[in-house]
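Below is one structure, written out as structure tokens, with a few remarks after it.
Model, not experiment: these values are computed from the prediction. We count ligands from 1, going down the list as the structure has it; atoms in each ligand are counted the same way.
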Amino acid sequence: DPYVAADSRYERVPYRRVGESGLRLPAVSLGLWHNFGDDKPLQTQRDILRRAFDLGVNHFDLANNYGPPPGSAERNFGTLLAEDFRPYRDELIISSKAGWDMWPGPYGFGGSRKYLLASLDQSLRRMGLDYVDVFYSHRPDPETPLEETMGALHHAVTSGRALYVGISSYSASLTARAQEIMRDLGTPLLIHQPSYSMLNRWVERGEEAAEATGASLLETAAAEGMGVIAFSPLAQGLLTNRYLGGVPEDSRGAAGKSLSGGMLSEENLARVRGLADIAAARGQTLAQMAIAWVLRAPAVTSALIGASSVAQLEDSVGAVANLDFSSAELAAIDEFAVD
Ligand code: NDP
């Protein structure tokens with residue numbers, strides 16, 4: 001049956017301005033790293049995307065290599081876009097990235113102009129799009145001059161392939177240098193996409209490298225006029241009720257997946273139990289509190305979650321019902337939110 005979006009779709013989730021840009025993003029965004037490859041039923045993917053859009057989650061984050069196999073998440077998304085979301089293209093923010101390994105040979109990874117622009121063209125073809133809303137350099141590449149990578153992002157915009165550009169997992173000092181280059185080119189970076197959760201607080205800490213000013217990534221992004229979209233705010237599912245009674249077979253923590261045994265240490269699980277008690281006292285699930293917590297930082301525009309079911313998505317989006325923390329709650333969280 002044809003999809004008709006819910007009339008109420010803009011009543012639930014707040015939209016927050018991305019840095020000093022004119023763009024707003026939903027406080028909760030959905031990423032397609034896991035759960036949208038050829039290993040998952042297309043119908044489940046469709047159900048999750050439809051529910052997300054109906055709830056106001058209108059930002060879908062992809063990358064060239066999401067799957068498995070690499071490329072399949074963009075292809076599946078393209079299929080569902082064509083069937084369900086084509087009438088809503090102008091209500092969607094769709095992002096993609098290049099940086100990690102994608103195809104064989106010297107032009108299939110890194111930060112070269114050759115790789116970034118070829119990969120972006122491939123992503124557009126897989127998704128059936130004329131342009132993406134945001135294109136990212138997925139990771140810093142120490143072997144490519146920053147000027148070259150930034151020049152490729154600038155060209156992605158001026159050639160009409162992307163409306164905005166961003167960077168992911170760049171250090172604070174590299175972010176400041178990248179933004180200086182992009183300002184000179186006339187295409188300031190819109191956004192930074194770092195990992196950030198109650199169990200991974202690197203973005204809050206001052207950078208210690210020799211070339212650094214001592215500012216944290218969150219401080220730097222704000223000072224440079226960039227928004228921040230925090231990826232894996234649930235620590236890949238650890239900051240939920242999913243692992244409180246052991247490792248479920250159908251979870252990402254099961255053997256061979258990206259949530260590895262080290263993250264599931266007894267030490268971390270004890271922290272998770274402590275945080276779950278605080279969430280319960282707030283009348284939230286742990287997933288909801290984990291999302292609200294990254295959004296408490298003024299520099300953070302959006303929490304970029306994953307979901308393997310509609311139920312998870314609904315639970316997580318429910319975070320927006322309580323985004324406020326008392327200082328006593330924050331102090332209690334700090335006892336357990338260590339990395
Ligand atoms: P999360 O930390 O949100 O983890 C998502 C996983 O947590 C789900 O797959 C599910 O695990 C579990 N989960 C989600 N919601 C709930 C809930 N309410 N209750 C219980 N369990 C829940 O984020 P991801 O690690 O998936 O990353 C999100 C997105 O961030 C990616 O899709 C991608 O777009 C982006 N990202 C970017 C990176 C980069 O380098 N720029 C790197 C990593 C991610 P399960 O599947 O086991 O059910």
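The six-membered or imidazole ring of Tyr115 lies away from that of Phe109, with a centre-to-centre distance of 6.0 Å or more. Between Tyr66 and Phe36, the gap from one ring centroid to the other reaches at least 6.0 Å.
Atom CD of Glu211 is separated from atom CG of Leu174 by 8.0 Å, given to the nearest 0.5 angstrom. How far NE2 of His34 is from CG of Asp39: 9.5 Å, rounded to the nearest 0.5 Å.
Residues Ser119 and Tyr107 have side chains that never bring a donor and an acceptor to within less than 3.5 angstrom of each other. Using modelled atom types, one finds a donor on one side chain and an acceptor on the other under 3.5 Å when comparing Gln312 with Ser308. Ser258 and Gln236 form a side-chain donor-acceptor contact under 3.5 Å, judged by distance and modelled atom types alone.
For atom 39 (C) of ligand 1, the closest non-hydrogen atom on the protein side is Phe231 CE2, 3.3 Å. With respect to atom 31 (C) of ligand 1, the closest heavy atom belonging to the protein is Trp33 CB, 3.4 Å. Shortest contact from atom 12 (C) of ligand 1 to any protein heavy atom: Gly237 CA, 3.6 Å. In terms of protein heavy-atom proximity, atom 28 (C) of ligand 1 is nearest to Leu304 O, 3.3 Å. In terms of protein heavy-atom proximity, atom 37 (C) of ligand 1 is closest to Gln193 OE1, 3.1 Å. The closest protein non-hydrogen atom to atom 40 (O) of ligand 1 is His138 NE2, 3.3 Å.
Short contacts between ligand 1 and Asp61, defined as distances under 4.0 Å to a heavy atom of the residue, involve ligand atoms 33 (C), 34 (O), 35 (C). Close contacts between ligand 1 and Ser251 involve ligand atoms 47 (O) [criterion: under 4.0 Å to a heavy atom]. The ligand atoms of ligand 1 that sit less than 4.0 angstrom from a heavy atom of Ser308 are 45 (P), 46 (O), 48 (O). Short contacts between ligand 1 and Tyr66, defined as distances under 4.0 Å to a heavy atom of the residue, involve ligand atoms 33 (C), 34 (O), 35 (C), 36 (N), 37 (C), 38 (C). Distances below 4.0 Å separate heavy atoms of Asn35 from the following atoms of ligand 1: 9 (O), 46 (O). Near Ala235, meaning under 4.0 Å from any of its heavy atoms, are these atoms of ligand 1: 2 (O). Atoms of ligand 1 found under 4.0 Å from any heavy atom of Asp315 (numbered from 1 in listed order, with element): 17 (C), 18 (N), 19 (N).
Ligand 1 has an N or O atom lying under 3.5 Å from an N or O atom of Ser168, backbone or side chain. No N or O atom of Asp250 sits closer than 3.5 Å to an N or O atom of ligand 1. Geometrically, ligand 1 and Gly253 share no nitrogen or oxygen pair separated by less than 3.5 Å. In terms of polar-atom proximity, defined here as any N/O pair under 3.5 Å, His34 makes no such contact with ligand 1. At least one N or O atom of Gln312, backbone or side chain, sits closer than 3.5 Å to an N or O atom of ligand 1. Between Ile305 and ligand 1, a contact under 3.5 Å exists for no N or O pair. Below 3.5 Å of separation, one finds an N or O of Arg242 facing an N or O of ligand 1. In terms of N/O distances under 3.5 Å, ligand 1 is approached by Gly31. Not a single N or O atom of Ser169, backbone or side chain, sits closer than 3.5 Å to an N or O atom of ligand 1.
Heavy atoms of Thr240 found under 4.0 angstrom from ligand 1 belong exclusively to the side chain. Proximity of Leu32 to ligand 1, defined as any heavy-atom pair under 4.0 Å, is confined to the backbone N, CA, C and O atoms. When non-hydrogen atoms are compared, ligand 1 lies under 4.0 Å from the backbone of Ser232 as well as from its side chain.
Under the 4.0 angstrom criterion for non-hydrogen atoms, Tyr136 is not in contact with ligand 1.
For Glu143, the CD atom sits in a loose shell: 12 or fewer heavy atoms of surrounding residues, nucleotides or ligands are nearer than 6.0 Å. For NZ of Lys257, the number of neighbouring non-hydrogen atoms (other residues, nucleotides, ligands) closer than 6.0 Å is greater than 12.
Ion pairing of Arg296 with Glu204 is present here, as a side-chain N (NZ or NE/NH1/NH2) and a carboxylate O approach within less than 4.0 Å. Of the charged side-chain nitrogens involved, at least one lies within less than 4.0 Å of a carboxylate oxygen, so that Arg205 and Asp339 count as a salt-bridged pair. Under a 4.0 Å N-O distance rule, the pair Arg126/Asp121 does not qualify as a salt bridge. Checked for salt-bridge contact, Glu180 and Arg177 miss the test: no charged N lies under 4.0 Å from a carboxylate O. Between Arg271 and Glu335 there is no salt bridge, since no side-chain nitrogen of the basic residue lies less than 4.0 Å from a carboxylate oxygen of the acidic one.
The aromatic rings of Tyr10 and Phe53 sit perpendicular, their planes meeting at an angle over 60°, well past the 30° parallel limit.
Taking only non-hydrogen atoms, the option from Ser96, Gly306, Ala319 nearest to atom 3 (O) of ligand 1 is Gly306. Comparing heavy-atom distances from atom 9 (O) of ligand 1 across Glu314, Gln236, Arg252, Gln288 singles out Arg252 as nearest.
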_As a quick check of understanding, evaluate ring pair (Phe, Tyr, Trp, His ring centres under 6.0 Å) for Tyr196 and Trp293, giving each step before the final call._
CA-CA 10 Å; Tyr196 184 34; Trp293 184 85; 5.4 Å; yes

